[in-house]
Protein chains: 2
Amino acid sequence: MNTREFKEKIYGEFAKVGKSLSSPKRLELLDLLSQSPKSVESLAKATNMSIANTSKHLQALLEAQLVTFSKERNYVYYQLASESVLKLSLALRDVAEERLAGIEETRQRFILRDNEVEAITIEKLIEKVKANTVTLIDVRPAEEYESGHIPNARSIPVTELQDHLEMLPKEKGVVAYCRGPYCAYATEAVEYLRMKGYEAWVLDAGTNEWMQLFGKESIK
Amino acid sequence: MNTREFKEKIYGEFAKVGKSLSSPKRLELLDLLSQSPKSVESLAKATNMSIANTSKHLQALLEAQLVTFSKERNYVYYQLASESVLKLSLALRDVAEERLAGIEETRQRFILRDNEVEAITIEKLIEKVKANTVTLIDVRPAEEYESGHIPNARSIPVTELQDHLEMLPKEKGVVAYCRGPYCAYATEAVEYLRMKGYEAWVLDAGTNEWMQLFGKESIK
DNA sequence: ATAACATTCAACTAAATAGTTGAATAGATT
DNA sequence: AATCTATTCAACTATTTAGTTGAATGTTAT
């Protein structure tokens with residue numbers, strides 16, 4: 001083996017991982033799996049793909065070893081293979097956010113509803129939680145909350161919010177978070193809560209961003 | 001814009017970055033550029049590609065904003081656009097190393113010459129440098145050394161090693177490093193030095209790995 | 001056993017990609 | 001002005017990829 005052959009082998013291996021990140025749909029799958037393990041069916045629904053196509057993309061991720069799966073009843077549950085895969089996905093997002101101007105603008109428009117909805121940072125959240133002036137709610141599906149969540153958050157899936165307003169004292173503000181800065185659930189929750197007369201903010205982060213700051217143990 | 005359109009837009013943008021990482025040749029280009037800015041010609045030579053193909057891959061990286069360029073005389077020098085791009089490239093390598101068994105095995109065989117060549121870690125290097133029992137040499141091309149190097153390293157490009165043995169006292173060991181754990185220059189240097197009677201090791205890291213540990217300022 | 005269900009597989013099409021070749025461009029040198 | 005040099009561009013080919021459709025597999029419930 002000469003140097004060129006060596007490089008072709010090594011970069012060929014690296015590219016197996018790289019190729020996994022080259023499709024928008026696979027990136028979306030990885031993001032969903034970073035919240036909690038999921039069945040093929042639920043991933044297909046969430047990404048608006050056919051079951052067969054979803055399965056094929058998952059096979060590609062499996063081939064590159066970015067995911068693993070386990071079978072339960074007649075479902076197959078996929079999950080991220082390790083924390084390094086999460087870090088890779090966040091590193092890719094960092095680059096895209098920093099380098100591609102369209103992203104921030106689109107988020108501003110859709111997630112923040114052109115400033116109709118106000119975001120707060122993790123630092124501000126911590127202040128407000130310490131001062132006991134806000135309730136923190138996790139509006140993702142319950143199983144994602146159970147799989148790991150920000151400390152002191154209460155689980156109220158956005159689909160059930162209207163039935164659980166009694167959990168939210170009106171004299172306190174509300175901070176809602178969901179899958180991360182590009183997930184719309186928290187925005188929907190905040191819009192609803194403001195309509196009901198609450199002071200409410202979206203957190204510009206999710207469980208994974210929290211974990212990057214405070215460690216794996218902090219979200220258990 | 002509804003949620004699906006938003007996701008398609010956002011993940012479409014993320015995938016622009018992802019697509020850049022899907023070709024072995026582009027990953028190799030990014031790795032080379034992580035050492036120092038380089039001309040199209042020198043990148044073509046180093047990657048064994050035609051000039052035209054190299055240029056085309058660089059255009060792709062430019063489109064995704066992972067690199068920038070500057071013109072000087074009749075050369076075009078490309079460079080990484082920011083540190084976040086370096087972090088992404090290292091995160092991808094981490095995943096590949098952790099998940100794909102073939103990589104470690106191939107490195108063992110080619111870089112460590114099936115254990116004919118011994119590697120040491122950064123921690124061990126620091127001990128040895130403190131104890132003053134080794135000379136640390138940077139065997140990359142001189143301009144890469146000048147663009148940033150590990151503290152206390154001396155620059156002896158591997159191509160000039162045989163003419164500069166006087167810089168290496170025989171009573172001390174030698175640690176050689178180059179572009180990182182998958183670069184063969186340090187291996188070649190160590191093989192030569194051992195033949196000449198030195199005790200010599202390759203460092204299992206390069207300037208970028210050092211920088212991740214000790215910060216940007218540490219390599220100036 | 002049979003039916004229902006979740007997932008995978010195989011065959012196919014349309015589109016995107018990597019690479020080649022040769023020409024075009026544009027700055028520097030003679 | 002003419003020539004040389006580094007790079008880019010355009011046209012083309014072979015290969016890979018994303019997605020669809022419909023059938024096959026294998027587990028669970030009736």
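Residue numbering restarts at 1 for every chain, and letters A, B, ... go by the order of the sequence lines.
- Rounded to whole Å, atom P of dT7(C) lies 10 Å from atom CG of Leu58(A).
- In this structure, the CD1 atom of Ile51(B) is 10 Å from the P atom of dT8(D), given to the nearest Å.
- The closest side-chain donor-acceptor pair between Gln35(B) and Thr207(B), if any, does not fall under 3.5 angstrom.
- Atom pair Glu63(B):CD and dA18(C):C1' shows a separation of 16 Å (rounding to whole Å applied).
- Ionic pairing of Arg109(B) and Glu105(B) is not present here: no N-O contact between side-chain nitrogen and carboxylate oxygen is shorter than 4.0 angstrom.
- A heavy atom lying under 4.0 Å from DNA chain D marks the following residues of residues 32-42 of chain B, by number: Ser39(B), Val40(B), Glu41(B).
- The separation between Leu43(B) atom CG and dA6(D) atom C1' is 13 Å, rounded to whole Å.
- We find that Arg93(A) and Glu209(A) are joined by a salt bridge, their nearest charged nitrogen and carboxylate oxygen being less than 4.0 Å apart.
- A heavy-atom distance below 4.5 Å is not found between the side chains of Lys7(B) and Thr47(A).
- Taking Arg4(A) as the reference, Glu8(A), Glu28(B) meet the salt bridge (Lys or Arg N to Asp or Glu O under 4.0 Å) condition, with sequence neighbours excluded.
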| query | Could you write nucleotides 25-30 of chain D as a row of B, S and -, 5' to 3', where a protein heavy atom under 4.0 Å of any base atom gives B, of only sugar-phosphate atoms gives S, and otherwise -? | reply | --SSS-
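- Residues satisfying the salt bridge (Lys or Arg N to Asp or Glu O under 4.0 Å) criterion with Asp138(B), sequence neighbours excluded, are Arg140(B).
- In this structure, Tyr182(B) and Phe14(A) have perpendicular ring planes: the angle between them is above 60°, well past the 30° mark.
- Between Gln59(B) atom CD and dT25(C) atom P the separation is 16 Å, expressed in whole Å.
- Atom OH in Tyr75(B) sits roughly 10 Å away from atom C1' in dA28(C) (whole-Å rounding).
- Looking at Ser34(B) and Asn208(B), their side chains do bring a donor and an acceptor atom within 3.5 Å of each other.
- Between the side chains of Thr54(B) and Lys56(B), no donor-acceptor pair is found at a separation under 3.5 Å.
- Between the NZ atom of Lys16(B) and the P atom of dT17(C) there is a distance of 12 Å, rounded to whole Å.
- Taking the C1' atoms of five terminal pairs at each end of the helix from dA1(C)-dT30(D) to dT30(C)-dA1(D), the two resulting helix axes are inclined by 20°, rounded to 10°.
- A salt bridge between Glu63(B) and Lys16(B) is absent, with no side-chain N of the basic residue lying under 4.0 Å from a carboxylate O of the acidic one.
- Taking the centre and axis of the six-membered ring of Phe110(B), the NZ or CZ atom of Arg113(B) falls inside the cone set by 45° and 6.0 Å.
- Atom pair Tyr77(B):OH and dG27(C):P shows a separation of 16 Å (rounding to whole Å applied).
- Of the N and O atoms on the side chains of Glu143(B) and Ser36(B), not one donor lies less than 3.5 Å from an acceptor on the other residue.
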Listed pairs, N/O of protein and of nucleotides 17-19 of chain D, under 3.5 Å:
residue : atom : partner  : partner atom : Å
dA18(D) : OP1  : Arg26(A) : NH1          : 3.0
dA18(D) : OP1  : Arg26(A) : NH2          : 2.9
dA18(D) : OP2  : Arg26(A) : NH1          : 3.4
dG19(D) : OP2  : Asn53(A) : ND2          : 3.4
dG19(D) : OP2  : His57(A) : NE2          : 2.6
dG19(D) : O5'  : Asn53(A) : ND2          : 3.2
dG19(D) : N7   : Lys56(A) : NZ           : 2.4
dG19(D) : O6   : Lys56(A) : NZ           : 2.9

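- Using a 4.0 Å heavy-atom cutoff across all strands shown, Tyr78(A) reaches sugar-phosphate atoms only and no base atom.
- Note on Ser55(A): every side-chain N or O is 4.0 Å or more away from OP1 and OP2 of dT7(C).
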| said: Quick one, Tyr177(B) with Tyr145(B), criterion ring-ring contact (aromatic ring centres under 6.0 Å, His included). Give me CA distance, side-chain angles, the key distance, then yes/no. | reply: CA-CA 11 Å; Tyr177(B) 77 89; Tyr145(B) 174 85; 8.1 Å; no
